[in-house]
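Accompanying notes for the structure given below.
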8 protein chains.
Amino acid sequence: MTNKIEVGIVMGSDSDWPLVKSAAETLEKFGLGYEVRVISAHRTPELAFEYASSAADRGLKVLISAAGGAAHLGGVIAAHTILPVIGIPVKGGALNGIDALLATLQMPAGIPVATVTLGSAGPVNAAILAAQMIALGNSELTQTLVEFKETLKEKVANGNARVQEDLK
Amino acid sequence: MTNKIEVGIVMGSDSDWPLVKSAAETLEKFGLGYEVRVISAHRTPELAFEYASSAADRGLKVLISAAGGAAHLGGVIAAHTILPVIGIPVKGGALNGIDALLATLQMPAGIPVATVTLGSAGPVNAAILAAQMIALGNSELTQTLVEFKETLKEKVANGNARVQEDLK
Amino acid sequence: MTNKIEVGIVMGSDSDWPLVKSAAETLEKFGLGYEVRVISAHRTPELAFEYASSAADRGLKVLISAAGGAAHLGGVIAAHTILPVIGIPVKGGALNGIDALLATLQMPAGIPVATVTLGSAGPVNAAILAAQMIALGNSELTQTLVEFKETLKEKVANGNARVQEDLK
Amino acid sequence: MTNKIEVGIVMGSDSDWPLVKSAAETLEKFGLGYEVRVISAHRTPELAFEYASSAADRGLKVLISAAGGAAHLGGVIAAHTILPVIGIPVKGGALNGIDALLATLQMPAGIPVATVTLGSAGPVNAAILAAQMIALGNSELTQTLVEFKETLKEKVANGNARVQEDLK
Amino acid sequence: MTNKIEVGIVMGSDSDWPLVKSAAETLEKFGLGYEVRVISAHRTPELAFEYASSAADRGLKVLISAAGGAAHLGGVIAAHTILPVIGIPVKGGALNGIDALLATLQMPAGIPVATVTLGSAGPVNAAILAAQMIALGNSELTQTLVEFKETLKEKVANGNARVQEDLK
Amino acid sequence: MTNKIEVGIVMGSDSDWPLVKSAAETLEKFGLGYEVRVISAHRTPELAFEYASSAADRGLKVLISAAGGAAHLGGVIAAHTILPVIGIPVKGGALNGIDALLATLQMPAGIPVATVTLGSAGPVNAAILAAQMIALGNSELTQTLVEFKETLKEKVANGNARVQEDLK
Amino acid sequence: MTNKIEVGIVMGSDSDWPLVKSAAETLEKFGLGYEVRVISAHRTPELAFEYASSAADRGLKVLISAAGGAAHLGGVIAAHTILPVIGIPVKGGALNGIDALLATLQMPAGIPVATVTLGSAGPVNAAILAAQMIALGNSELTQTLVEFKETLKEKVANGNARVQEDLK
Amino acid sequence: MTNKIEVGIVMGSDSDWPLVKSAAETLEKFGLGYEVRVISAHRTPELAFEYASSAADRGLKVLISAAGGAAHLGGVIAAHTILPVIGIPVKGGALNGIDALLATLQMPAGIPVATVTLGSAGPVNAAILAAQMIALGNSELTQTLVEFKETLKEKVANGNARVQEDLK
């Protein structure tokens with residue numbers, strides 16, 4: 001990973017990593033440099049403060065935050081930066097992630113968190129969204145996204161082929 | 001209000017005050033000194049940090065936090081203190097406070113927020129709970145709480161009398 | 001409004017306009033040019049197709065979509081563009097917007113919609129998020145956002161002052 | 001399957017096929033010709049447009065759509081045809097299909113999607129409903145449906161017999 | 001109303017009529033004959049039995065059922081006929097119609113109820129769906145539906161014009 | 001009210017009385033004697049204990065309990081008697097009675113509470129259910145219930161007449 | 001089982017029997033005669049009608065109904081009898097029984113269904129409730145219930161002993 | 001465990017013990033003496049009464065109550081004492097603990113129950129909260145809590161290290 005680091009991925013616990021990993025993998029597909037940090041809004045609030053406050057100065061462009069339960073991480077990060085913050089609600093726990101969804105999404109006026117899908121599609125979509133933002137000033141990445149969109153069609157076509165095969 | 005200030009009430013917005021006021025009024029009934037601050041976890045995170053971090057040193061014993069929506073305030077306060085933090089989920093908004101309830105309650109292991117009733121009973125119960133905590137080292141307050149509990153019975157008796165009257 | 005149009009706001013019905021209006025007002029505060037269209041994913045699907053497909057070529061950078069009920073508009077718009085799409089779930093109807101929230105948020109892997117707060121904070125946050133994205137390549141707008149963030153603190157301070165006044 | 005094709009089954013992903021299969025099997029029981037396509041409202045929107053727009057001209061009478069998550073497929077299909085569209089919300093994902101249920105059902109006035117049971121009964125009921133519609137102009141199929149309804153009673157009687165056996 | 005009666009509208013209580021009326025009005029727009037009955041699945045079960053059992057013989061083609069709360073009416077009607085049954089969950093009551101939604105939709109395999117939107121769009125969509133079914137054997141009605149679909153576009157265009165006017 | 005008192009109605013607060021009143025009125029229609037008490041499971045637990053423990057000895061046959069919020073009253077009453085206990089979840093509060101519904105219904109094995117409709121139908125149905133229980137040993141009351149059931153049909157017929165009138 | 005049959009247990013499908021069985025077992029503990037039938041409100045509506053209508057004449061005193069999904073069985077049974085009807089919502093399906101809970105509980109005024117716990121405690125509690133009703137005219141059964149209530153205390157005491165053992 | 005017993009842990013059933021155990025283990029870490037009792041609000045109400053009423057006199061300072069389903073235990077305990085009562089909603093059952101959450105939290109004004117996280121974090125947080133209360137009059141325990149808070153940071157750092165390792 002020798003690209004300039006433009007995306008920071010933070011998560012509340014390393015137990016979120018198996019889910020969040022696909023965000024990193026998707027960013028790599030797009031050739032985007034990233035870094036990953038485990039930061040807890042509640043257990044390491046100073047770290048969250050420092051990380052978010054310095055992110056823009058360190059050249060980061062977009063922050064992706066993943067947390068479960070009373071998922072405050074996205075909001076706490078967004079409180080300390082004007083970079084766009086994407087929130088991944090982490091599925092799991094007694095309420096299956098509905099708490100994380102609402103705690104990530106329902107931010108007050110002034111401090112948005114761009115929330116993505118609750119479930120395995122979330123981290124993938126967070127990475128695509130980050131790429132879409134960065135592509136606003138990067139025509140090569142724009143082209144990569146256009147091509148990526150085409151591959152989605154192929155996947156559907158392949159799925160269709162499998163069903164037709166099964167119907168024979 | 002000349003009592004020593006032992007309880008700090010923080011709320012995310014002054015629009016929460018009409019609800020939260022009954023916490024202050026209940027503390028006054030118990031003769032407990034308190035202070036009130038509007039502090040936003042997202043708009044004034046440094047203030048939240050400073051307030052919570054210095055609370056114990058300033059002689060506060062219990063913190064009461066009220067917030068709506070993605071109610072991160074209780075958790076952010078609790079992240080910076082070892083004083084017990086009581087969380088009042090503020091009813092209202094598109095989800096009628098269910099977001100506030102879950103964002104207040106579903107704290108990760110290590111950082112509890114003692115959550116009370118969603119609804120108008122919440123601030124009253126937060127104040128009583130604070131009093132119960134402080135009464136652990138205050139026998140006079142203990143006696144006040146015992147007497148308060150008796151008044152609850154009277155209220156029920158009065159309610160019963162009103163219904164019997166209506167039945168005549 | 002003589003600024004270059006960089007943000008497209010689409011909504012499913014003009015009955016959404018009273019809510020969505022604050023997105024437009026917020027963009028104006030940031031000096032961002034925008035256009036507004038009523039486009040229904042179900043009643044005018046061709047229009048949705050055309051609008052989204054041509055948005056990038058017409059110089060738009062971010063699309064904001066607002067819809068209620070089975071809120072498909074954000075997803076349909078996102079299906080036809082690689083520009084980032086921000087989704088505002090419109091509160092209301094029999095389910096009070098929970099249907100709109102889920103239909104906007106739960107996009108499959110590949111086609112993200114950056115969902116913001118359900119409730120009156122939603123359109124404001126959508127506009128701020130759009131500004132944060134555009135600011136990635138616009139240092140003047142970055143400065144505006146930094147200053148805007150400061151004003152949030154003032155609002156909290158003012159709210160605090162009002163409560164202290166009430167406590168006297 | 002040499003019957004005239006009267007029912008089109010579309011689904012958002014071939015991962016839905018194990019559930020949706022019982023719709024196809026039920027249609028076969030009724031002697032109804034059908035075709036199956038994997039079409040994504042978001043990944044292949046043009047395909048959805050073309051399929052739905054041409055369905056009536058190709059002799060189809062009823063369309064059955066199955067999708068999960070932000071299940072827009074039924075609505076997108078219905079937007080491009082006046083044939084009756086039956087929606088199967090696909091159970092699964094972090095919200096167990098509640099998102100699919102609401103995204104399928106809560107269509108705005110003008111574009112109905114006839115939604116059936118969330119769960120394994122859904123595809124079976126979609127097929128029966130399709131048959132009921134086609135039977136309006138097909139007396140032989142009407143008779144088949146009458147006979148099918150009788151078999152439901154037998155199943156209940158058999159179930160009852162099994163319980164009586166167990167009680168001995 | 002001199003058209004042949006092809007649609008039967010039943011509702012659980014005349015208190016549902018203000019909502020359900022728009023189904024009747026929509027059917028009239030399409031020139032479809034209909035009849036309306038108040039029938040309770042629980043208070044007049046024999047009436048429900050008789051009405052549904054004789055509907056096909058009396059020339060009805062589609063039944064529309066509206067009920068709130070533990071909305072059993074659609075299912076009870078569907079149990080006694082092979083005509084397609086459309087269910088309108090009636091909003092209201094302590095659970096705001098979520099009970100009606102689930103009690104209408106979650107039918108077991110074998111007895112479908114084609115459920116439409118919870119909310120004011122429901123009765124309109126029920127009528128359109130009925131028309132779509134009847135149009136399968138009626139080319140004139142097909143044409144009417146095509147034209148109706150065009151009017152939806154006009155409504156959106158008018159809505160757009162109103163917003164543009166407001167923006168000036 | 002000179003009938004032998006066979007039904008005891010208890011409620012958690014006299015604020016429940018406007019809702020619960022219809023239970024009393026319905027019992028009167030059936031000629032059943034009843035008494036009403038305001039008893040709080042939490043504020044007057046000893047009273048709840050005494051009331052429930054002595055109910056059978058005082059000749060009561062059925063207890064009806066109404067409470068909102070964390071509605072423990074039904075369960076507390078049922079813990080102290082073997083008389084059948086009917087629970088009315090009282091609608092209202094921030095969660096609109098869903099808390100009362102679950103707190104009343106979800107009793108552990110061994111201590112049932114017969115829960116009735118959340119909403120205005122609840123107290124009426126509680127009274128009818130009480131009458132159905134008492135009628136097991138009272139043939140006159142059985143006859144009254146049979147006649148009552150007939151009146152329900154008339155109400156539906158009257159409702160139907162009103163709708164037909166409106167359709168003219 | 002040579003006791004007079006006083007309780008009728010009906011369920012919508014024999015797949016409910018593994019859950020419902022504990023109702024039968026509990027009735028046997030109380031020495032109460034019972035019968036069990038699989039009857040579907042939707043697949044065998046005439047059977048439901050006949051069973052419920054004739055239940056009182058055949059000497060039954062209480063009916064217990066168990067069903068899942070759009071659980072109409074309790075309501076349909078209650079529509080045809082004045083015997084008390086106890087409803088067991090059957091857990092399972094895509095919504096885990098919440099549909100069954102609401103479809104059983106939310107009966108309109110006039111036709112109560114005495115709903116018990118969603119979950120494994122439900123059938124046990126249905127049987128106890130039936131026994132409590134029948135005990136109103138049966139002092140021997142009353143005594144049995146008093147003794148049963150004592151055994152509940154023993155179970156708790158045994159549970160406590162197990163925990164104390166584990167703590168050593 | 002030779003420390004003075006200051007915390008009483010009660011639970012509704014010994015089946016809650018595997019979850020609740022971590023409360024006991026956490027109290028031991030803090031060097032706090034505790035006792036554990038299985039007490040059912042419904043099956044052994046007298047025991048609940050006696051335990052709670054005598055708790056303060058026996059030197060207990062905080063009570064922790066854990067229960068599932070219609071979780072009345074916390075409320076019943078709180079009704080009989082002025083000691084602070086912490087409620088752990090026990091996850092599980094058909095509703096996965098949402099019933100326990102609401103039945104624990106939604107206490108009426110006057111009788112608070114300090115509710116903690118639904119899920120495995122709940123008992124840990126209950127113990128920490130109890131320690132925070134007792135620490136108000138115990139400077140040694142205060143120091144222990146400060147040190148404990150530091151260990152939370154280490155856990156996060158370790159988690160971060162694991163992720164960095166995985167990224168290599």
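The sequence lines fix the lettering, A, B, ..., with proteins before strands; numbering per chain opens at 1.
Counting non-hydrogen atoms of neighbouring residues, nucleotides and ligands closer than 6.0 angstrom, the CD atom of G/Glu147 exceeds 12 such neighbours. The neighbour count for G/Lys155 NZ, taken as heavy atoms of other residues, nucleotides or ligands under 6.0 Å away, does not exceed 12. Atom NZ of E/Lys153 has more than 12 neighbouring heavy atoms from other residues, nucleotides or ligands inside a 6.0 Å radius.
Among the candidates E/Thr44, E/Thr104, E/Val113, E/Leu95, the residue making the largest number of heavy-atom pairs closer than 4.5 Å to chain G is E/Leu95. The most heavy-atom pairs under 4.5 Å with chain G, out of E/Gly69, E/Gly93, E/Pro45, come from E/Pro45.
How far CD1 of G/Ile98 is from CG of E/Leu102: 8.5 Å, rounded to the nearest 0.5 Å. A distance of 7.5 Å separates NE2 of E/His42 from CD1 of G/Ile111, quoted to the nearest 0.5 Å.
The backbone N or O of G/Ala103 lies less than 3.5 Å from a partner atom in the side chain of E/His72, making a donor-acceptor pair. Judged by distance alone, with hydrogens and angles left aside, the side-chain atoms of G/Arg43 form a donor-acceptor pair with the main-chain N or O of E/Ala109 at under 3.5 Å.
Neither the backbone nor the side chain of G/Ala100 comes within contact range of chain E; no heavy atom of the residue lies under 4.5 Å from a heavy atom of that chain. No part of E/Ala48 comes within reach of chain G, as not one of its non-hydrogen atoms sits under 4.5 angstrom from that chain. For G/Ala41, the part sitting under 4.5 Å from any heavy atom of chain E is the backbone (N, CA, C, O) and nothing else.
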